[in-house]
Each structure stands twice: as structure tokens, then as C-alpha cells.
Participant: 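First the structure, then my questions, so here it is.
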Amino acid sequence: MEVVNISTSCDAEFVRQVERESEQQTSLCYQCGNCTAGCPYTFVYDIPVSQIMRLVQAGQKKRVLSSRSIWLCATCESCTTRCPNNIDVARIMDVLRHMARREGYASEPAVKTFWDSFLDSVRQHGRVFEMGLVMQYVAKTGRFWTDVDLGPTMYAKGKLALKPHDIQGRDEVEKIFKRFQESRESRGGDQS
Ligand code: SF4
Ligand code: SF4
């Protein structure tokens, strides 16, 4: 078991930042493990979600932000529902993923690429264009055969359009992206 010397490695500002951005009080966690017991992705996590919570309490910024778990989390909110202290654990995982992204950690690059491709697609078309998203993801990752077997079924069910959908309010969506970009720039954040 890994031993962490909290007195020498605790980053108190990291704890404050996670609490500020998530609006959650991490010190309420008493390590009951309910969140991990209900998490459907524990089997692929490198650090179970309850241990992520403990590492956050201990201010172990690098260990947390370099973890694969925060990228593999499906935001299903089972952990949030099961927490006896009403901590929105899923929101904390979300905040950690955003922080990791801002600070240049991407322990699961393919997941980050999928996110980027998804957001590019929404920005460009006002909603996701599935075929374009897949093409961009495949071009950037070289993962040509990922889920290729699902293609025919999705196409048959009308879930894989060959051209972007024509939607109303596309300009409004573009404005949301612009506002986000401007607010990030005004706060001096990075552009990732
Ligand atoms: S939100 Fe994430 S961490 Fe929480 S239970 Fe779901 S997959 Fe696990
Ligand atoms: S369920 Fe809540 S109190 Fe229990 S370990 Fe998870 S975050 Fe901590």
C-alpha cells in the first residue's frame, strides 16, 4: 500500500480550489466506501473513487490529476446518490477532470480526444454530427476499428446521419462557445 506523507506533500490550495469549483466540502467524507461500492467503473479505475476523495482531502494534487479514473468516470452519479453525507462526488470528479485538462494532464488521451471532437462538432453544427465526430476521432487517434461493429445497427436506426443536421439556434450555440472562451481568457486560463 502506498504511504503518503501528508505533512510534506499536502497542497492546501488544491483542496480549496476543488471545493471552490465543485461547491462541495470534501472534509465531510469519512471514507465509508459507498461511492466505490456503487461505481460501475471501479473495475477499470487505477484509483477507486473513495480513494480519490481521500487523496483530495490530503491535497495530493499530482497524484489525483494524473489518475486515469477521472477520465474514465462516466458521470453516472451513482456515487453522488449513495453518499451518506450528500457530497456530490460526481461533480468533484468532473471538476478534477477540468483541472487536469487545464493543467496539461491527460492520462487517457483517447478520452480527451473524444471530448475535443465532440465539442468541435457541437460548435460547428449546433449539435453533434455523429459521422463527423467519428471521422475526427479516428483521424486523430488512428483507432479505425473502435466500435466499427456498431456502425450498421446505428445507421439502420437513423443514429448515424451522413450529413450534419440542419438545426435552429446554431448561432446561439456558437455564442455560448465564444462567451466561454472570452471568460476563460479574461481569467487568464489556458485554451485547452
Ligand atoms: S459518477 Fe463516475 S465515479 Fe461516480 S459512480 Fe459514476 S462512474 Fe463512478
Ligand atoms: S460515499 Fe461519501 S462519505 Fe463515503 S467514501 Fe464516498 S464520498 Fe466519502
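Hydrogens, waters and symmetry mates are skipped; everything else that's a heavy atom, side chains included, is used. These numbers come from a predicted model, not from an experiment. Just so you know, ligand 1 is whichever comes first in the structure, and atom 1 is the first atom listed for that ligand.
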Participant: Can a salt bridge be assigned to the pair R123 and D120 using a cut-off of 4.0 Å between side-chain N and carboxylate O?
Facilitator: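 Here R123 does not pair with D120 in a salt bridge, since their nearest N and O are not under 4.0 Å apart.
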Participant: Hey, does V89 sit under 4.0 Å from ligand 1 if you only count heavy atoms?
Facilitator: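 For ligand 1, residue contact (heavy atoms, under 4.0 Å) with V89 is absent.
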Participant: I92 and side chain to side chain contact (heavy atoms under 4.5 Å, CB included): which single residue from T80, I87, V49 fits?
Facilitator: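 Among the candidates, only I87 passes.
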Participant: I need the nearest protein heavy-atom contact for atom 6 (Fe) of ligand 1: residue, atom name and distance, please.
Facilitator: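 Among all protein heavy atoms, the one nearest atom 6 (Fe) of ligand 1 is C76 SG, 2.3 Å.
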Participant: What atoms of ligand 2 come closer than 4.0 angstrom to any heavy atom of P84?
Facilitator: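 The atoms of ligand 2 under 4.0 Å from a heavy atom of P84 are 1 (S).
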Participant: Identify, for atom 3 (S) of ligand 1, the protein heavy atom at the shortest distance, and state residue, atom and that distance.
Facilitator: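 For atom 3 (S) of ligand 1, the nearest protein heavy atom is Y45 OH, 3.4 Å.
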Participant: Step through the shown structure and confirm whether more than 12 heavy atoms of other residues, nucleotides or ligands are within 6.0 Å of CD on E13.
Facilitator: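 More than 12 within 6.0 Å, yes.
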Participant: Could you list which atoms of ligand 1 come closer than 4.0 Å to a heavy atom of V49?
Facilitator: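 So the atoms of ligand 1 that pass are 3 (S).
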Participant: I'd like to check which ligand 1 atoms, numbered from 1 as shown, lie under 4.0 Å from a non-hydrogen atom of S78.
Facilitator: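 Those atoms are 5 (S).
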Participant: In terms of atom number and element, which parts of ligand 2 are under 4.0 angstrom from non-hydrogen atoms of N85?
Facilitator: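 Those of ligand 2 that fall under 4.0 Å from N85 are 3 (S).
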Participant: Indicate, with yes or no, if F177 and F118 share a hydrophobic cluster defined by side-chain heavy-atom contacts under 4.5 Å among Ile, Leu, Val, Met, Phe, Trp and Tyr.
Facilitator: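 Hydrophobic grouping puts F118 with F177.
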Participant: So which heavy atom in the protein is nearest atom 2 (Fe) of ligand 1, and how far is it from that ligand atom?
Facilitator: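 The answer is C73 SG, 2.3 Å.
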Participant: Hey, is T80 touching ligand 1 through its side chain, its backbone, both or neither, going by heavy atoms under 4.0 Å?
Facilitator: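 T80 to ligand 1: no contact under 4.0 Å from either part.
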Participant: Taking the basic N atoms (NZ, or NE/NH1/NH2) and the acidic carboxylate oxygens, is any pair closer than 4.0 Å for K112 and D116?
Facilitator: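 So K112 pairs with D116 through a salt bridge.
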Participant: Hey, which atoms in ligand 1 end up nearer than 4.0 Å to a heavy atom of A90?
Facilitator: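 Here the atoms of ligand 1 in question are 1 (S).
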Participant: Is E21 salt-bridged to R102, going by a charged N under 4.0 Å from an acidic O?
Facilitator: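 A salt bridge is present here (some side-chain N lies under 4.0 Å from a carboxylate O).
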Participant: Determine, for K61 against E103, whether the closest basic-nitrogen to carboxylate-oxygen distance falls under 4.0 angstrom.
Facilitator: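 Salt bridge present between K61 and E103.
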Participant: Look at atom 5 (S) of ligand 2 and say which protein heavy atom is nearest, naming residue and atom and giving the distance to 0.1 Å.
Facilitator: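 Its nearest protein heavy-atom neighbour is G33 N, 3.3 Å.
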Participant: Among all the protein's non-hydrogen atoms, which is closest to atom 4 (Fe) of ligand 1, and how far away is it?
Facilitator: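 So the nearest neighbour among protein heavy atoms is C79 SG, 2.2 Å.
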Participant: Got more than 12 heavy atoms from elsewhere within 6.0 Å of OH, Y105?
Facilitator: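 It does: Y105 OH has more than 12 such atoms within range.
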Participant: Please list the nearest protein heavy atom to atom 8 (Fe) of ligand 1 with its residue and the distance rounded to 0.1 Å.
Facilitator: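 For atom 8 (Fe) of ligand 1, the nearest protein heavy atom is C39 SG, 2.4 Å.
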Participant: Is the distance from atom 4 (Fe) of ligand 1 to the nearest N/O/S atom of C35 under 2.8 Å?
Facilitator: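 No N, O or S atom of C35 is closer than 2.8 Å to atom 4 (Fe) of ligand 1, so no.
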Participant: Any donor-acceptor pair under 3.5 Å linking the side chain of D11 with the backbone of G59?
Facilitator: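 No; zero donor-acceptor contacts below 3.5 Å.
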Participant: Check each atom of ligand 1 against the heavy atoms of T75 and keep those under 4.0 Å away; list them by number with element.
Facilitator: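 Those atoms are 1 (S), 2 (Fe).
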Participant: With a 4.0 Å cut-off on heavy atoms, does A74 reach ligand 1?
Facilitator: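 The answer is yes: ligand 1 sits under 4.0 Å from a heavy atom of A74.
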Participant: State plainly whether one hydrophobic cluster holds both V44 and I70, where clusters connect Ile, Leu, Val, Met, Phe, Trp and Tyr through side-chain heavy atoms under 4.5 angstrom apart.
Facilitator: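 Same cluster.
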